[in-house]
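Step one of this worksheet: look at the structure below.
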Amino acid sequence: MANPLRGEVFRLYKNLLYLGREYPKGAAYFRERLKSAFMKNKDETDPEKIRALVAKGDFVIHELQALYYLRKYRAMKKRYYEE
């Protein structure tokens with residue numbers, strides 16, 4: 001029987017992989033760390049634990065988006081305003 005949370009985990013992985021393209025240390029570094037994090041938890045079968053891990057992944061998505069927004073804001077501020 002397939003796990004009903006499998007699609008949600010797959011969606012999370014794809015979203016993180018997409019967001020990792022702009023990671024400051026590089027996409028390859030992010031992809032390697034992402035893969036190791038998912039492989040570490042690949043044998044997890046408890047639905048509650050999986051939901052908690054997905055929630056943690058969603059938090060990471062929001063943190064990455066905030067990081068990118070802040071980086072763009074700082075670049076614009078540096079470009080148009082004097083120190």
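Here, residue 1 is the first one in the sequence, and each next residue gets the next number.
- To the nearest 0.5 Å, atoms CE (M39) and CG (L34) are separated by 11.5 Å.
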Result block: side-chain N/O donor-acceptor pairs under 3.5 angstrom for residues 40-58, not counting sequence neighbours:
from : atom 1 : to  : atom 2 : distance (Å)
N41  : ND2    : A37 : O      : 3.4
E48  : OE2    : R51 : NH1    : 3.1

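- Taking a 4.5 Å side-chain heavy-atom cut-off between Ile, Leu, Val, Met, Phe, Trp and Tyr, the cluster of Y18 contains only that residue.
- Under the 3.5 Å distance criterion, the side-chain polar atoms of Y23 are left unmatched by any main-chain donor or acceptor of A28.
- Residue pairs satisfying the salt bridge (Lys or Arg N to Asp or Glu O under 4.0 Å) criterion with at least one member in residues 18-35, sequence neighbours excluded, are listed as follows: E22-R71.
- The line from CD1 of I61 to CG of N15 is 4.5 Å long, rounded to the nearest 0.5 Å.
- Residues satisfying the side-chain contact (heavy atoms from CB on, under 4.5 Å) test with K14, not counting sequence neighbours, are F10.
- Looking at heavy atoms from C-beta onward, L70 lies in side-chain contact with R74 at the 4.5 angstrom threshold.
- When side chains are defined from C-beta on, L19 counts as touching Y68, because their heavy atoms get closer than 4.5 Å.
- Within the structure, every pair that satisfies the ring pair (Phe, Tyr, Trp, His ring centres under 6.0 Å) test and touches residues 31-65, not counting sequence neighbours, is listed here: Y13-F38.
- Residues in residues 60-69 take part in no salt bridge (Lys or Arg N to Asp or Glu O under 4.0 Å) pair, two or more places apart or across chains.
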